[in-house]
Asks: 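Before we start, here is the structure in question, set down as structure tokens.
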Amino acid sequence: MTIHSNHPYHLVDYSPWPLTGALGAFISASGMIKWFYQFNNSLLIIGNMIILLTMYQWWRDVIRESTFQGLHTFNVTLNMRWGMILFILSEIFFFISFFWAFFHSKLAPSIEIGSIWPPKSILPFNPLEIPLLNTVILLSSGMTITWTHHSIMNNNYTQSIQSLFITIILGIYFSILQGFEYIEATFTIADSIYGSTFFMTTGFHGLHVLIGTSFLIICLIRHLNFHFSKNHHFGFEAAAWYWHFVDVVWLFLYISIYWWGS
């Protein structure tokens, strides 16, 4: 039920989804431990199902509040922008920790790994093969999502749908190529500090690509249902910011780990 107020802020209704989300995360974490030690993934599947159901219903409520009830006023949207900016800033520092570990090991390799980089027995990837192709793919997706944003601003519904669909396809293509790269890798996450830093950094970036692709798929579904307008489309704008962040992180990752680090 929507209660009209004399202020431009949105006081959210009571919601069970933070509780069910926390419960799903706890069950998933416990399920992963059970999977690792007892090779039984039933609890992990249950936890993931709870998280997926929570995501669907929580997003449904937010879409209802913003699109149909008009509760996301200018002040609310402004606060959401700052929230997204701070979230992306926290993600930047998250990746800085991985780059710090890489540069520390690369610039001063310890005697335990032979005082050389890459360590002995490590055969790094050729930066001019799949990594370069993935760089082109992500840079292209950055252009297509900017095309989408300009199309929404110009009320060009057809071009915004086309460009957003192309961006999603490029994101899926990137993930497939990275999965193929992992399958073909001659080293694992257990192979010295090189394997640890490589798979942690590229793996978490790959996870962010999957999250960003899901974000864009939701935006495409919403746009197909005419939820975005020229003046009210922060849901898409947040996804575009997140995608540009993923692009920039990949550029640093490609230059430092794939090219300079090999």
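What you see is a predicted model, and the numbers here were worked out from it, not measured in a lab.
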Asks: Heavy atoms only: give me the nearest Gln178-Gly206 pair and the separation to one decimal.
Replies: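 Closest approach of Gln178 to Gly206, heavy atoms only: OE1-CA, 3.2 Å.
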Asks: Heavy-atom distance under 4.5 Å between the side chains of Ile172 and Thr213, does that happen here?
Replies: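 Answer yes - side chains close enough.
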Asks: Which distance, rounded to the nearest 0.5 Å, do you find between the CG of Asn40 and the NZ of Lys34?
Replies: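 Nearest 0.5 Å value for the CG-NZ distance: 4.5 Å.
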Asks: I'd like to know if the side chain of Tyr182 reaches the main chain of Gly203, judged simply by a donor and an acceptor atom lying under 3.5 Å from each other, with no hydrogens or angles considered.
Replies: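 Pair found, side chain donor or acceptor close to backbone of Gly203.
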Asks: Between Trp241 and Phe95, is there shared hydrophobic-cluster membership here, with clusters defined by ILVMFWY side-chain heavy atoms closer than 4.5 Å?
Replies: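 In one cluster: yes.
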Asks: Transitively linked via ILVMFWY side-chain contacts under 4.5 Å: Leu128 with Ile255?
Replies: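 Yes, because Leu128 and Ile255 connect within a single hydrophobic cluster, where side-chain heavy atoms sit under 4.5 Å apart.
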Asks: Show the nearest heavy-atom pair for residues Val246 and His205, with the distance to one decimal.
Replies: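 Minimum heavy-atom contact is O-NE2, 3.0 Å.
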Asks: Please confirm whether the backbone N or O of Thr188 pairs with a side-chain atom of Asp191, one donor and one acceptor, at under 3.5 Å?
Replies: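 Yes, the answer is positive, given that a donor and an acceptor are paired below the 3.5 Å cut-off.
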Asks: Is there side-chain contact between Thr201 and Val249, with heavy atoms separated by less than 4.5 Å?
Replies: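 No, side chains not in contact.
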Asks: So, for Phe99 and Ser256, which heavy atoms are closest and what is the spacing to 0.1 Å?
Replies: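 In terms of heavy atoms, the two residues are closest at CE2-OG, 3.3 Å.
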Asks: Could you check whether Phe125 and Phe198 have their ring centres less than 6.0 Å apart?
Replies: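 Centroid separation for Phe198 and Phe125: below 6.0 Å.
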Asks: Are Ile46 and Leu53 co-members of a hydrophobic cluster defined by side-chain heavy atoms under 4.5 Å apart?
Replies: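 No, no single cluster joins them.
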Asks: Without placing hydrogens or testing angles, list every side-chain donor-acceptor pair under 3.5 Å for residues 106-122, not counting sequence neighbours.
Replies:
residue, atom, partner, partner atom, Å
Ser110, OG, Glu112, OE1, 3.1
Trp117, NE1, Gly261, O, 3.2

Asks: Quick one: does Pro131's side chain get under 4.5 Å of Trp259's, heavy atoms only?
Replies: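 When only atoms from C-beta onward are counted, Trp259 and Pro131 do not touch, as no gap falls below 4.5 Å.
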Asks: Can you list the steps and then say if Tyr258 with Thr202 is a side chain to side chain donor-acceptor pair (under 3.5 Å)?
Replies: CA-CA 10 Å; Tyr258 281 103; Thr202 60; 4.9 Å; no
Asks: What residues, two or more places apart in sequence or in another chain, satisfy side chain to side chain contact (heavy atoms under 4.5 Å, CB included) together with Arg60?
Replies: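 If we apply the side chain to side chain contact (heavy atoms under 4.5 Å, CB included) test to Arg60, skipping adjacent residues, the hits are Trp17, Gln57, Arg64.
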Asks: Taking the six-membered ring for Trp, are His223 and Tyr157 parallel (under 30°), tilted (30 to 60°) or perpendicular (over 60°)?
Replies: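 Tilted: the ring planes of His223 and Tyr157 meet at 30° to 60°.
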Asks: Is there a path of hydrophobic side-chain contacts, each under 4.5 Å between heavy atoms, that joins Tyr56 and Leu23?
Replies: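 As far as the 4.5 Å side-chain criterion goes, Leu23 and Tyr56 are not connected within one cluster.
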Asks: Take Ile51 and Met55 through the side-chain contact (heavy atoms from CB on, under 4.5 Å) test and state the conclusion after the steps.
Replies: CA-CA 6 Å; Ile51 291 175; Met55 288 164 55; 3.7 Å; yes
Asks: Would Thr73 and Asn75 count as having a side-chain donor-acceptor pair, cut-off 3.5 Å?
Replies: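 No pair is found: no donor N or O on one side chain lies under 3.5 Å from an acceptor on the other.
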Asks: From Ser214 OG over to Ile168 CD1, what is the distance, rounded to the nearest 0.5 angstrom?
Replies: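 One finds 9.5 Å between OG of Ser214 and CD1 of Ile168.
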Asks: Are His232 and His72 close enough that some pair of their side-chain heavy atoms sits under 4.5 Å apart?
Replies: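 Side-chain contact under 4.5 Å: yes.
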Asks: Roughly how far, to the nearest 0.5 Å, is the CG atom of Leu170 from the CZ atom of Phe165?
Replies: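 That separation rounds to 10.5 Å.
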Asks: So Trp250 and Asp247, side-chain contact (heavy atoms from CB on, under 4.5 Å) or not? Walk me through it.
Replies: CA-CA 5 Å; Trp250 175 259; Asp247 285 348; 5.9 Å; no
Asks: Under 4.5 Å between any side-chain heavy atoms of Leu177 and Glu181, yes or no?
Replies: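 Leu177 does not reach Glu181 side chain to side chain.
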Asks: Whether the Ser160 and Ser151 side chains hold a donor-acceptor pair (N or O, under 3.5 Å, no angle test) is what I'd like checked.
Replies: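 Not at all, the side chains of Ser160 and Ser151 share no donor-acceptor pair under 3.5 Å.
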Asks: Ile63 and Arg222: side-chain contact (heavy atoms from CB on, under 4.5 Å), yes or no, with the steps?
Replies: CA-CA 9 Å; Ile63 291 171; Arg222 292 191 63 192; 3.7 Å; yes
Asks: Please say yes or no: joined through hydrophobic side-chain contacts below 4.5 Å, possibly via intermediate residues, are Ile211 and Phe93 part of one cluster?
Replies: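 Yes, one cluster joins them.
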Asks: Can you tell me which residue among Phe199, Phe187, Phe102 is in a ring-ring contact (aromatic ring centres under 6.0 Å, His included) with Tyr194?
Replies: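 Of the listed options, the one satisfying the test is Phe187.
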Asks: Are the ring centres of His227 and Phe236 closer than 6.0 Å?
Replies: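 Judged by ring-centre distance (under 6.0 Å), His227 and Phe236 do not meet the cut-off.
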Asks: Would a distance-only check, ignoring hydrogens and angles, find a side-chain to backbone donor-acceptor pair under 3.5 Å from Thr144 to Ile166?
Replies: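 Pair absent, no side-chain N/O of Thr144 close to backbone of Ile166.
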Asks: For Trp243 and Ser141: C-alpha separation, side-chain torsions, deciding distance, then whether side chain to side chain donor-acceptor pair (under 3.5 Å) applies.
Replies: CA-CA 9 Å; Trp243 197 256; Ser141 70; 2.8 Å; yes
Asks: Indicate the atoms forming the closest heavy-atom contact of Thr167 with Ile145, along with that distance.
Replies: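 Scanning both residues, the minimum pair turns out to be OG1-N, 3.4 Å.
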Asks: Are any of the side-chain heavy atoms of Leu207 and Phe204 separated by less than 4.5 Å?
Replies: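 Yes, close enough: below the 4.5 Å cut-off.
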Asks: Closest heavy-atom contact between Ile193 and Ser105?
Replies: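 Reported closest heavy-atom pair: CG1-OG, 3.2 Å.
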Asks: How many angstroms lie between OG in Ser28 and CH2 in Trp35, if you round to the nearest 0.5 Å?
Replies: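 With rounding to 0.5 Å, OG (Ser28) is 12.0 Å from CH2 (Trp35).
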Asks: Could you report the tightest heavy-atom contact between Thr148 and Leu164, atom names first, then the distance?
Replies: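 Result for this residue pair: OG1-N, 3.1 Å.
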Asks: Drop me the distance from Leu19's CG to Thr54's OG1, to the nearest 0.5 angstrom.
Replies: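 The OG1 atom of Thr54 is 9.0 Å from CG of Leu19, to the nearest 0.5 Å.
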Asks: Please confirm whether the ring centroid of Phe103 lies under 6.0 Å from the ring centroid of Trp260.
Replies: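 Ring centroids of Phe103 and Trp260 are less than 6.0 Å from each other.
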Asks: Evaluate side-chain contact (heavy atoms from CB on, under 4.5 Å) for Tyr254 paired with Leu132, printing each intermediate quantity in order.
Replies: CA-CA 8 Å; Tyr254 173 75; Leu132 181 59; 3.7 Å; yes
Asks: From Ile152 CD1 over to Glu237 CD, what is the distance, rounded to the nearest 0.5 angstrom?
Replies: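 Spacing of CD1 (Ile152) from CD (Glu237) equals 9.0 Å.
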